[in-house]
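Report on the structure given below.
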Amino acid sequence: MKFAFDGCVIDTDAYEVRRDGDRVHVEPQVLDLLILLVENRDRLVSKSEIIAKVWDGRTVSETALTSRIKSARRAIGDDGTAQRLIRTIKGRGFRFVGAIDNDAPHARAIMPANPVQKPSLAVLPFDNMGGDPEQRYFSDGIVEDLMTELSRSQCITIASRSASFVYRDDDVDVREVGNELGVDFVLEGSLRRMGERIRITVQLIEAATGHHLWAERYDRTLTEIFDIQDEIVATIVTTLSGEIASAALGQAHQRMPDDWRAYDHYLVARHASQQARTLKNLTTVKAAAERAIAIDPHYAPGLGMLANATRWLATLTCFGDSAAITETFRRAHALAERAYDIEPTDAQTLRALGWCHILDRDYAEAERCLERAYAINPHDGDVIMGWVTALVYLGRPAEAVALAQQTIRRLTTFPDYFLFDLGEAQFFAGEPETAAATFESIPEEQHDENITVVVAAFAHAGRLSSVAPYRDRYVRELETLWIGDPATSLSQRINWDFQYRHVYRRMKDIELLRGGLRKAGLPA
């Protein structure tokens with residue numbers, strides 16, 4: 001069934017929205033809301049009916065409903081002020097008031113484009129020619145953004161960051177890289193930053209032969225860094241696929257800040273966020289993201305990064321203060337919503353918003369956001385493992401184990417946290433012995449990602465003689481981070497921890513975790 005109105009078409013069979021002939025990206029829940037309103041356009045649809053049919057009757061906040069209505073209006077060119085198409089009936093609900101005209105020209109079916117065989121490319125870390133190790137964040141950030149923008153073109157398959165960055169500081173033969181990563185082409189280069197100027201040299205090489213297809217040197221000011229990225233992306237896409245990269249570049253411009261200094265601060269924040277989540281590192285992330293937003297308040301990746309840092313810091317700085325952590329989570333959610341309103345197709349924005357939804361226990365909306373973030377770049381190891389962790393919290397640990405194992409098998413090297421994420425998934429999939437063995441294979445500092453799961457895994461595995469040091473670390477964490485009443489019992493502190501940090505979707509997972517703590521001798 002198609003519903004055509006005001007230049008838009010909602011196609012329930014194709015499950016899509018088009019405006020002026022172009023497909024509009026909307027989250028599935030937003031599309032369900034649009035379909036519900038349009039199909040019942042002859043009457044008001046109450047809030048309770050929307051919640052029953054779109055959220056399957058689950059309890060959701062007023063903020064979540066308002067956000068989805070706002071997204072629905074935006075998808076069809078409406079807004080809360082004009083209300084030309086979706087009208088709010090104060091205190092009662094909403095009604096679609098547009099005129100349906102299925103004879104309009106824009107209601108005709110649009111044929112899908114022919115599929116294209118994608119060439120594959122590995123982007124290697126650029127040499128930091130300035131020699132200052134403190135500037136590595138900048139060269140790495142440029143490479144990571146090139147990889148992201150190239151993947152947006154939908155014409156090229158990009159090897160993951162984890163796979164490509166294995167070759168940092170190595171004098172590599174691109175033919176070996178091609179064989180090891182299974183790619184057709186390799187992009188390598190160097191970067192030198194000199195005050196307000198930058199020099200970037202790039203070479204595009206055919207992996208099988210070592211033949212240089214294209215090389216270029218850019219001597220520009222830092223204000224032109226985004227133009228350089230666009231030129232590189234356009235040249236690579238055109239060279240490898242024969243297609244002009246206009247669609248990719250359009251998306252690239254949407255996510256670039258107006259001032260390169262905002263981008264520089266964002267790269268500092270992103271680099272720090274990839275390190276261990278200590279108070280020091282997270283404070284660096286938050287401060288750098290705040291500087292980026294101070295320069296450009298509408299920079300979506302910076303807002304998403306600030307939302308993540310705010311959320312992460314809350315678990316370290318508000319531990320034991322229910323009012324403070326609730327308010328901090330609310331601020332993080334508001335930041336993520338602002339980022340999403342500006343750039344709804346940015347993967348980091350979607351991930352930030354998805355995890356805020358998990359903290360709100362709006363798991364259906366969290367799943368839609370996080371799965372969409374994964375779909376944007378499903379070949380990057382870091383993105384994949386982020387989805388693995390999300391699957392665990394969403395109650396799908398068996399899928400998480402399979403995806404983590406598949407990812408680890410195909411990578412020649414990977415960070416230790418990949419194995420921690422695998423161990424966490426194994427535990428909730430009912431494999432405590434395997435999980436304990438996985439946790440033992442990685443450095444102990446990595447266990448800080450979620451020491452509670454490590455304790456429970458060893459306890460359920462029957463390895464009570466080995467669980468003591470992990471149990472003691474968890475107790476010290478509860479004592480060190482606690483800022484509430486110092487007389488609060490250990491049992492109450494654990495209950496608080498489960499209320500605000502261990503927000504798993506399935507009650508059976510929470511009980512499994514608590515049961516492991518009890519076996520370890522803790523009052524859970």
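Just so it is clear, the values below take in all heavy atoms, side chains as well, and ignore hydrogens, waters and symmetry mates.
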[X] side chain near [Y] side chain, heavy-atom distance below 4.5 Å:
X    : Y    : result
V392 : W387 : no
L204 : L121 : yes
L33  : V30  : no
F165 : V143 : yes
L370 : L350 : no
L146 : Q229 : yes
D264 : I225 : no
P301 : Y263 : no

Looking at [X] and [Y], would you say the former's side chain and the latter's main chain have a donor-acceptor pair under 3.5 Å?
X    : Y    : answer
D296 : H298 : yes
E224 : T221 : yes
D173 : R175 : yes
R338 : P297 : yes
T284 : K280 : yes
D32  : V54  : no

Parallel, tilted or perpendicular: ring planes of H357 versus H333, cut at 30 and 60 degrees: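 Because their plane-to-plane angle is over 60°, the rings of H357 and H333 count as perpendicular.
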When you look at CZ of R291, are more than 12 heavy atoms from neighbouring residues, nucleotides or ligands closer to it than 6.0 Å?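 It does: R291 CZ has more than 12 such atoms within range.
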May I ask you to check if R193 and F138 form a cation-pi contact, with NZ or CZ under 6.0 angstrom from the six-membered ring centre and within 45° of the axis?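 Because its charged atom sits under 6.0 Å from the ring centre and within 45° of the axis, R193 does stack over F138.
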Using 4.0 Å as the upper bound for N to carboxylate O, is an ion pair formed by [Y] and [X]?
X    : Y    : result
D341 : R74  : yes
R84  : D6   : yes
R501 : E477 : yes
R199 : D219 : yes
E196 : R220 : no
D145 : R270 : yes

Under 3.5 Å side-chain donor-acceptor pair for [X] and [Y]:
X    : Y    : result
Q203 : T201 : no
R73  : T81  : no
N128 : S139 : no
D78  : Q83  : no

To the nearest 0.5 Å, how far apart are [atom1] in [X] and [atom2] in [Y]?
X    : Y    : atom1 : atom2 : value
W355 : C369 : CH2   : SG    : 12.5 Å
F329 : L359 : CZ    : CG    : 4.5 Å
L313 : L282 : CG    : CG    : 5.0 Å
Y266 : Y299 : OH    : OH    : 5.5 Å
T66  : K70  : OG1   : NZ    : 10.0 Å
R372 : T349 : CZ    : OG1   : 12.0 Å

Side chain to side chain contact (heavy atoms under 4.5 Å, CB included) evaluation trace for T317 with L279: CA-CA 8 Å; T317 62; L279 180 60; 3.8 Å; yes
Between Y500 and T315, does the side chain to side chain contact (heavy atoms under 4.5 Å, CB included) criterion hold? Intermediate values first, please. CA-CA 8 Å; Y500 292 101; T315 63; over 6 Å; no
Which pair of heavy atoms, one from [X] and one from [Y], lies closest together, and at what distance?
X    : Y    : value
A364 : R505 : N-NH2, 4.0 Å
P397 : A425 : CB-O, 3.8 Å
A207 : G178 : CB-CA, 3.8 Å
S164 : L124 : O-CD2, 3.9 Å
S441 : L419 : OG-CD1, 3.9 Å
P119 : F185 : CB-CE1, 3.9 Å

Pair Y504, H502 - check side chain to side chain contact (heavy atoms under 4.5 Å, CB included), show working. CA-CA 6 Å; Y504 298 97; H502 301 298; 3.8 Å; yes
For a side chain to side chain donor-acceptor pair (under 3.5 Å) check, start with the C-alpha distance between T345 and E343, then their side-chain angles and the critical distance, and finish with the verdict. CA-CA 6 Å; T345 60; E343 181 50 84; 2.5 Å; yes
Given T310, which partner from the list R330, E290, M305, K286 fulfils the side-chain contact (heavy atoms from CB on, under 4.5 Å) test?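 Result: among R330, E290, M305, K286, K286 is the only option passing the side-chain contact (heavy atoms from CB on, under 4.5 Å) with T310.
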The test is side chain to side chain contact (heavy atoms under 4.5 Å, CB included); show your working for V166 and R168 and say whether it passes. CA-CA 6 Å; V166 168; R168 180 199 297 282; over 6 Å; no
For T209, run the side-chain hydrogen bond (donor to acceptor under 3.5 Å, both in side chains) check against E206, H211, H212 and tell me which one passes.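 In the set E206, H211, H212, the residue that makes a side-chain hydrogen bond (donor to acceptor under 3.5 Å, both in side chains) with T209 is E206.
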